[in-house]
Amino acid sequence: PVSPSYLLKNLPKARAMDFITSTAILPLLFGCLGVFGLFRLLQWVRGKAYLRNAVVVITGATSGLGKECAKVFYAAGAKLVLCGRNSGALEELIRELTASHATKVQTYKPYLVTFDLTDPGAIVAAAAEILQCFGYVDILVNNAGISYRGTIMDTTVDVDKRVMETNYFGPVALTKALLPSMIKRRQGHIVAISSIQGKISIPFRSAYAASKHATQAFFDCLRAEMEQYEIEVTVISPGYIHTNLSVNAITADGSRYGVMDTTTAQGRSPVEVAHDVLAAVGKKKKDVILADLLPSLAIYLRTLAPGLFFSLMASRARKERKSKNS
Ligand SMILES: NC(=O)C1=CN([C@@H]2O[C@H](COP(=O)(O)OP(=O)(O)OC[C@H]3O[C@@H](n4cnc5c(N)ncnc54)[C@H](OP(=O)(O)O)[C@@H]3O)[C@@H](O)[C@H]2O)C=CC1
Ligand SMILES: CCCCCCCCCCCCCCCC(=O)OCC(=O)COP(=O)(O)O
């Protein structure tokens with residue numbers, strides 16, 4: 001028997017088109033496209049339904065990615081609990097959200113909870129307040145975080161601890177405080193906003209990269225342990241986003257860095273990233289990288305050719321040191 005590929009190669013173009021249209025190839029192609037389209041549509045509809053009326057807790061909602069996440073989850077019809085340290089900024093955001101009417105679904109006035117993620121007592125109290133108010137939480141978005149700049153040798157252990165408390169122990173404590181009620185309902189979704197630096201470590205970010213690697217590891221373990229209760233875990237690792245992360249970063253002695261780095265300024269818009277977060281949550285994705293090609297390739301390089309990756313990082317450290325000294 002003559003194979004379709006042989007015929008396609010050997011028949012003139014016109015005859016080849018005749019062949020395609022007169023055989024099952026075209027209907028098969030359209031069939032596959034149709035099934036794929038239907039699957040995507042179903043996924044989209046399910047995602048929308050999943051977020052509508054869901055009780056969603058977002059930490060770090062006062063600025064940057066958290067603020068934009070608040071906007072897209074609000075517009076999707078979620079019942080929001082917005083967390084942060086600055087109650088004035090949260091109240092302002094709630095005013096902004098409730099003033100806009102550009103959504104077709106029913107929206108709910110967000111609830112506000114203020115606490116510091118470095119204060120374990122305040123985290124437990126905040127979780128209790130949220131549960132008392134809503135009875136349950138559907139989705140927790142652990143977004144709040146701080147970054148850091150400094151050399152390991154100059155950095156005090158207090159600074160390492162502060163970054164770990166904000167980016168790792170805080171989200172872990174909040175997750176643990178909300179998990180029992182999720183387990184009881186056999187329903188819930190924990191989201192961790194990590195970073196590309198949760199997958200690869202770059203020089204002069206030791207505390208930050210360590211906190212994000214710890215985040216990735218903890219929430220990967222959690223995903224496996226929670227499968228039995230049907231609780232979802234999504235870890236999201238973005239590349240640079242144009243927010244105030246670098247401005248708010250702390251330095252080796254704990255002072256504020258206060259500089260908008262070029263990498264941050266040239267990062268993706270937080271609005272776009274928030275939409276990607278919403279889509280990932282709606283699709284119950286397990287692990288998502290939201291970055292350009294180079295950082296994504298760097299993750300593969302770290303796994304497949306670690307020696308080369310380490311040399312590149314050492315050269316990056318040399319260059320950065322040189323430019324600082326000159
Ligand atoms: N921007 C980027 O390039 C990238 C960011 N990310 C991650 O995205 C997340 C959001 O950061 P982004 O929006 O960029 O930065 P921002 O600095 O704009 O926002 C950080 C948020 O975290 C809150 N926060 C910081 N420390 C604490 C604390 N101790 N207790 C409670 N809340 C706190 C801040 O609240 P407050 O107003 O009280 O300071 C603020 O709302 C972080 O986890 C970050 O690591 C990941 C990859 C890239
Ligand atoms: C097969 C070819 C592979 C080539 C790989 C070359 C290696 C290039 C290194 C790229 C490093 C990318 C670092 C990305 C870091 C990042 O996106 O971090 C996100 C953040 O969390 C930003 O926080 P920060 O405080 O550091 O601004």
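Atoms within a ligand are numbered from 1 in the order they appear, just like the ligands themselves.
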**Q** Can you tell which of R205, R149, Q197 gets a heavy atom nearest to atom 27 (O) of ligand 2?
**A** R149
**Q** Can an N or O of P238 be found at a distance shorter than 3.5 Å from an N or O of ligand 1?
**A** no
**Q** Can an N or O of Y208 be found at a distance shorter than 3.5 Å from an N or O of ligand 1?
**A** yes
**Q** I want to know if ligand 1 touches G84 in the polar sense, i.e. an N/O pair below 3.5 angstrom.
**A** no
**Q** Less than 4.0 Å is my threshold; does some heavy atom of K212 fall inside it relative to ligand 1?
**A** yes
**Q** What part of S194, side chain, backbone, both or neither, has a heavy atom within less than 4.0 angstrom of ligand 1?
**A** backbone
**Q** State, without any angle test, whether S206 and D160 hold a side-chain donor-acceptor pair at a distance under 3.5 Å.
**A** no
**Q** Below 3.5 Å, N or O to N or O, backbone or side chain included: is there any such pair between I146 and ligand 1?
**A** no
**Q** For ligand 1, is there an N or O atom under 3.5 Å from any N or O atom of R85?
**A** yes
**Q** What about L65: any of its N or O atoms under 3.5 Å from an N or O on ligand 1?
**A** yes
**Q** Is S147 close to ligand 2, meaning an N/O of one under 3.5 Å from an N/O of the other?
**A** yes
**Q** Does G239 have a non-hydrogen atom less than 4.0 Å from ligand 1?
**A** yes
**Q** Would you call E165 and R162 a salt bridge, using N to O less than 4.0 angstrom?
**A** no
**Q** Under 3.5 Å between some N or O of ligand 1 and some N or O of N248?
**A** yes
**Q** Can you find a non-hydrogen atom of T264 under 4.0 Å from ligand 1?
**A** no
**Q** Taking distance alone, with no angle check, do S195 and ligand 2 share an N/O pair under 3.5 Å?
**A** yes
